[in-house]
Amino acid sequence: MQPRAWYFYRPDGRRHGPSFTEWQAKVEAGRFAARRPKLEAETAFILYRSLSKAGWRVDHTGTRFIPAPS
């Protein structure tokens, strides 16, 4: 079975991704919206929190969660 993948969705419904974790998907959404691929992760996450009020969202594929090896 495939591991769980996270995607971010723009307000128009377009899907972008995948990312391995929910946090990574939120950071990628912030970077995508700012059009700055090297934006710091903390800044991108703060930007995503504002974007979520404008209709951006993060969701997973619904497949089984496979934890990272320790």
Side-chain angles (χ1 to χ4, degrees):
M1 179 177 265
Q2 294 280 352
R4 181 174 291 171
W6 292 86
Y7 294 91
F8 69 88
Y9 295 85
R10 294 174 16 182
D12 63 3
R14 289 195 220 167
R15 181 174 82 169
H16 296 273
S19 297
F20 290 111
T21 65
E22 181 180 10
W23 187 79
Q24 285 177 336
K26 290 177 179 179
V27 168
E28 288 303 315
R31 288 176 175 161
F32 180 86
R35 300 192 194 303
R36 292 176 56 197
K38 296 191 183 207
L39 187 65
E40 288 184 7
E42 294 81 14
T43 306
F45 181 72
I46 291 168
L47 180 61
Y48 171 76
R49 289 193 320 209
S50 299
L51 291 170
S52 65
K53 294 175 184 168
W56 292 64
R57 65 185 175 90
V58 168
D59 201 5
H60 60 80
T61 57
T63 55
R64 183 170 64 106
F65 176 69
I66 299 173
S70 56

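We number each residue from 1, following the sequence as shown.
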Minimum heavy-atom distance [X]-[Y], with the two atoms named:
X   : Y   : answer
A54 : P11 : O-CG, 3.6 Å
A34 : L39 : CB-CD2, 4.1 Å
W23 : A41 : CH2-CB, 3.5 Å
V27 : A44 : O-CB, 3.5 Å

So, taking the atom named [atom1] in [X] and the one named [atom2] in [Y], what distance separates them when rounded to the nearest 0.5 Å?
X   : Y   : atom1 : atom2 : value
L47 : R36 : CG    : CZ    : 9.5 Å
W6  : T21 : CH2   : OG1   : 8.5 Å
F8  : R15 : CZ    : CZ    : 11.5 Å
Y48 : K53 : OH    : NZ    : 12.0 Å

**Request:** For the pair W56 and R10, evaluate side-chain contact (heavy atoms from CB on, under 4.5 Å) and give the outcome as yes or no after the intermediate values.
**Result:** CA-CA 5 Å; W56 292 64; R10 294 174 16 182; 3.6 Å; yes
**Message:** Run the side chain to side chain donor-acceptor pair (under 3.5 Å) test against E28 and tell me which residues pass, sequence neighbours left out.
**Reply:** R31
